[in-house]
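Every chain is numbered from 1 and lettered A, B, ... according to where its sequence line falls, protein lines coming before strand lines.
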There are 2 protein chains.
Amino acid sequence: MTYEMKFEALSSSTRRAVFERLRAGGRSVGALAEGLPVSRPAVSQHLKVLKDAGLVSERRDGVRRIYSIDRQGVSDMRDYFDRFWDDALDSYKRSLEGSDG
Amino acid sequence: MTYEMKFEALSSSTRRAVFERLRAGGRSVGALAEGLPVSRPAVSQHLKVLKDAGLVSERRDGVRRIYSIDRQGVSDMRDYFDRFWDDALDSYKRSLEGSDG
DNA sequence: GCTATTCGTAAGACATGACTTACGAAATGA
DNA sequence: TCATTTCGTAAGTCATGTCTTACGAATAGC
């Protein structure tokens, strides 16, 4: 559930494709695998990584498992880049003060 | 300069460490390599990936090259997760409407 | 109980990428 | 010009991760 885990989870292009497919709403593993150039077990393995990272959540529906985006995880990433941007701007401003003030 | 390139660039933990070290301000390649458990050429290779992805920029200073955070690139990532979060919320709301009304 | 469906996990093959050393290029200063 | 410093690139090694097939578990319906 750390940032490191989220970055690692989003490091594979196939995993990002799975993640993007969930953008439009929850889907079963089989439905996710259709349209992707990898096998269903591969998708299942990717979903585990995404789930452990806190980027997707799982819900049971009979024999199916419906995976959905975990908005909290997405929000965490958004916050990370928010703060990163702020810090980068601050350090830039300080570098200007230091060079001519 | 695409999102794909930015995600790929941030997929390596060493590269994220380099990226994080630039958060506090611009640094030379040698200065970045100090304190990291990899060689200077390794850092140089990582910086090339980060630069090609639009996440860092380069400035010459005599024989040195000062790398800094490219705030536009960080802003792009922030926007990506902003929109992703909005889309996920919308699709969630739609799923509620479809299920009970 | 039996079958069909959906899925997760194990084991192993294979490609990808991250690292090292060696080397050459460019800028600085004497 | 020569030496020093700083850096990027090339070549090759090695670890990591991504994929496949095979298999077993869980649920639902008959």
Inset, instruction - Could you list the residues that satisfy side-chain hydrogen bond (donor to acceptor under 3.5 Å, both in side chains) with S75(A), not counting sequence neighbours? - result: R78(A)
Legend entry - Counterpart residues, side-chain hydrogen bond (donor to acceptor under 3.5 Å, both in side chains), relative to D52(A) (two or more places apart): K48(A)
Table please: side-chain donor-acceptor pairs of residues 57-66 of chain A below 3.5 Å, with sequence neighbours left out.
from   : atom 1 : to     : atom 2 : distance (Å)
E58(A) : OE1    : K51(A) : NZ     : 2.8
E58(A) : OE2    : R60(A) : NE     : 3.0

Atom pair [atom1]/[atom2] of [X] and [Y] - distance to nearest 0.5 Å:
X      : Y      : atom1 : atom2 : answer
S68(A) : L55(A) : OG    : CG    : 13.0 Å
Q72(A) : W85(B) : CD    : CH2   : 9.5 Å
D86(A) : R71(B) : CG    : CZ    : 11.0 Å

Inset, instruction - Indicate, with yes or no, if Y3(B) and V74(A) share a hydrophobic cluster defined by side-chain heavy-atom contacts under 4.5 Å among Ile, Leu, Val, Met, Phe, Trp and Tyr. - result: yes
Inset, instruction - Look at the side-chain heavy atoms of Ile, Leu, Val, Met, Phe, Trp and Tyr, link any pair under 4.5 Å apart, and say whether F81(A) and Y80(B) land in one connected group. - result: yes
Legend entry - Note, Q45(A) side chain near V49(A) side chain (heavy atom, < 4.5 Å): no
Legend entry - Side-chain heavy atoms of T2(B) within contact of M5(B), under 4.5 Å: yes
Legend entry - Residue pair L22(B) / I69(B): nearest heavy atoms and the distance that separates them: O-CG1, 3.5 Å
Inset, instruction - Pull out every residue in residues 31-49 of chain A that has a heavy atom closer than 4.0 Å to any atom of DNA chain C, ordered by number, or say none. - result: R40(A), P41(A), S44(A), Q45(A), K48(A)
Legend entry - Members of residues 9-21 of chain A that approach DNA chain C, where some heavy atom sits under 4.0 Å away: none
Legend entry - ring-ring contact (aromatic ring centres under 6.0 Å, His included) involving F19(B) - partner list, sequence neighbours excluded: F84(A)
Legend entry - Contacts of type ring-ring contact (aromatic ring centres under 6.0 Å, His included), residue Y92(A), not counting sequence neighbours: none
Inset, instruction - On DNA chain D, check which nucleotide each of E8(A) and R64(B) is closest to and give me the residue with the more 5' one. - result: R64(B)
Quick one: side chains of residues 29-41 of chain A, donor-acceptor pairs under 3.5 Å with protein atoms, not counting sequence neighbours, listed by atom name and distance.
from   : atom 1 : to     : atom 2 : distance (Å)
S39(A) : OG     : A42(A) : N      : 3.4

Report all interatomic pairs (protein N or O, nucleotide N or O of nucleotides 25-30 of chain D) with separations under 3.5 Å.
none

Inset, instruction - Check every nucleotide of DNA chain C for an atom under 4.0 Å from a heavy-atom of chain B, then give the first and the last such nucleotide from 5' to 3'. - result: dA18(C) to dT28(C)
Inset, instruction - Find the bend of the helix from dG1(C)-dC30(D) to dA30(C)-dT1(D) as the angle between its two terminal axes (five pairs each), to the nearest 10°. - result: 30°
Would you give me the side-chain donor-acceptor pairs under 3.5 Å for residues 6-14 of chain A, sequence neighbours excluded?
from   : atom 1 : to     : atom 2 : distance (Å)
K6(A)  : NZ     : M1(A)  : O      : 3.0
K6(A)  : NZ     : A53(A) : O      : 3.0
E8(A)  : OE2    : R16(B) : NH2    : 2.9
S11(A) : OG     : E8(A)  : O      : 2.6
S12(A) : OG     : T14(A) : N      : 3.3
S12(A) : OG     : R15(A) : N      : 3.1

